[in-house]
Amino acid sequence: MKSITRRKFNTTLVKGVGAATVLGSSAVLMAQNRGRNPKKLGVALVGLGSYSTYQLAPALEETEHCYLAGIVTGTPSKATSWASKYNIPKENIYDYENFDAISKNDAIDVVYVVLPNSMHADFSIRAAKAGKHVICEKPMAVTVEECDAIIQACKDAGVKLGMGYRLHSEPYTQEVKKYVAKQTFGKVHYISAEAGYRSLSNPKQWRLNKDLSGGGALMNMGVYAIQSAIYGTGENPISVTAQEFSTRPEYFKETDETITAQFEFASGATGNIMTSHNIRANRLFASCERGWFELDPASTYIPLAGRTSRGELHFKQESQQKLQMDDFAKHLLYDEPNLAPGEMGKRDMIIVEAIYESIAKGGQKIKLDLPTGYGM
Ligand code: NAD
């Protein structure tokens, strides 16, 4: 059988000849590629702010299965400096208006959306419609409805969707998931997860602007605490009760400053999370039937650290973003698992909305019936 190149395959997928044919070709291609070293996938970063500049672009210089092929920016000076720094050809540089023309660019396989939260849905959907696979930064969007629209757009276009949840590729976090799956310390009875930092210097930043951020600490760092509570127990919560605390209303005018929330799980485990834009916190702790495990820090880029009731943990430190983008590329190339699919991002947004609902109702318990089957 004549072998087709991956780029040719992607074009076939974009032009679309019917989902069944595409999936069939995909399986054939994956079988052909297994064990080979195919050309790297081209990634275009949308939004060249601090995360793209200091984490993603450097990580894309280390990735084995993908590379920085294109950029999308509203700032012409960044287009010039990035083009020269990363050797990006002119035809792979877009702005927010001409972005949709990326559909005609075979050098770009994956669009990675790294914009303020309220822009995630628009650009993820446009990327999917352009026939590109999508990585969407956290939080996935600012409402569950938007998450559904992103998932649907990717399904309609036959493209894959992954979340920028780097910790699912990170070794300490993967170790925690193993403890939970194997019940190394017995059943988890209690999980505590905290994620926050102290914002002092820039009241004009988009993270404090509700239209751009969708919310405050909960939308930003809260997603890490929610995620920790779930992979730290291996369960989705079945209820949530939440409280909000405000000590600097003059600074946090539109968005939440500090939130605590308590989860119940079907196993009987309970959990408490805290997230803040005013308190430094970065920890996961699980009390189990026969011991405990802890990550502290649990969600910074590098390095995480951990210990258990049996001793210290030591894992090789590598760029989490490198591991995350390579894992997503391997999902596309070799059908390896999608460690953080869009459905996981949507699940977290359902929990975010339930937490806000509980607060709005004076701390009332909100029952949750969350979808499962896409990983923890
Ligand atoms: P940032 O403020 O540094 O960058 C935002 C980028 O968006 C800038 O390039 C800015 O020019 C552009 N932009 C376009 N339209 C804009 C508008 N109307 N207002 C403001 N900026 C606009 O932010 P960041 O820290 O790079 O965060 C970007 C996204 O990445 C967020 O969704 C954030 O949650 C996510 N993030 C994820 C991680 C992680 O560890 N996974 C870490 C940092 C940020």
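Note that these values count all heavy atoms, side chains included, but never hydrogens, waters or copies made by symmetry. Every number for a ligand or one of its atoms is a count from 1 in the order of the listing. Along the sequence shown, residues are numbered consecutively beginning with 1.
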Give me the residue, atom name and distance of the protein heavy atom closest to [atom].
| atom | value |
| --- | --- |
| atom 29 (C) of ligand 1 | Leu115 O, 3.4 Å |
| atom 44 (C) of ligand 1 | Arg207 NH2, 3.5 Å |
| atom 19 (N) of ligand 1 | Leu212 CD1, 3.7 Å |
| atom 34 (O) of ligand 1 | Lys138 O, 2.7 Å |
| atom 37 (C) of ligand 1 | Glu137 OE1, 3.0 Å |

Below 4.0 Å, non-hydrogen atoms only: which portion of [X] touches ligand 1? Side chain, backbone, both or neither.
| X | result |
| --- | --- |
| Tyr112 | neither |
| Gln205 | neither |
| Gln55 | neither |

Query raised in the report: Where do Lys361 and Glu357 land on the salt bridge (Lys or Arg N to Asp or Glu O under 4.0 Å) test, with the steps shown first?
Result: CA-CA 6 Å; Lys361 292 180 174 166; Glu357 184 187 345; 2.5 Å; yes
Using 4.0 Å as the upper bound for N to carboxylate O, is an ion pair formed by [Y] and [X]?
| X | Y | value |
| --- | --- | --- |
| Lys365 | Glu264 | yes |
| Asp326 | Lys330 | no |
| Asp100 | Lys129 | no |
| Glu294 | Arg283 | yes |
| Glu343 | Arg347 | no |

**Report entry** Shortest reach to atom 12 (C) of ligand 1 by a heavy atom, considering only Tyr51, Tyr96, Trp206
**Finding:**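 Shortest heavy-atom distance from atom 12 (C) of ligand 1: Tyr96.
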Query - Pick from Gly214, Pro116, Gly164: the one approaching atom 7 (O) of ligand 1 most closely through a non-hydrogen atom - result: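 When every heavy atom of Gly214, Pro116, Gly164 is considered, Pro116 comes closest to atom 7 (O) of ligand 1.
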Would [X] count as being in polar contact with ligand 1, using the rule that some N or O on each side must be under 3.5 angstrom apart?
| X | result |
| --- | --- |
| Asn117 | yes |
| Thr75 | no |
| Asn220 | no |

Query - Check: Ile355 main-chain N/O paired with Ser358 side-chain donor or acceptor under 3.5 Å - result: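 Between the backbone of Ile355 and the side chain of Ser358 there is no qualifying donor-acceptor contact (under 3.5 Å).
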Query raised in the report: Does the side chain of Lys177 come under 3.5 Å of the side chain of His168 through a donor N or O and an acceptor N or O?
Result: yes
Report task. Using a distance threshold of 4.0 Å (strictly less than), state whether atom 10 (C) of ligand 1 has a protein heavy-atom neighbour. Result -> no
Report task. Return yes when Met219 approaches ligand 1 closer than 4.0 angstrom through a heavy atom, no otherwise. Result -> no
Query - Side-chain heavy-atom pair Gln174, Leu339 within 4.5 angstrom cut-off - result: yes
Query raised in the report: For ligand 1, which atoms, with element, lie under 4.0 Å from some heavy atom of Leu48?
Result: 9 (O)
Requested in this report: Look at the side-chain heavy atoms of Ile, Leu, Val, Met, Phe, Trp and Tyr, link any pair under 4.5 Å apart, and say whether Tyr197 and Leu218 land in one connected group.
Outcome: yes
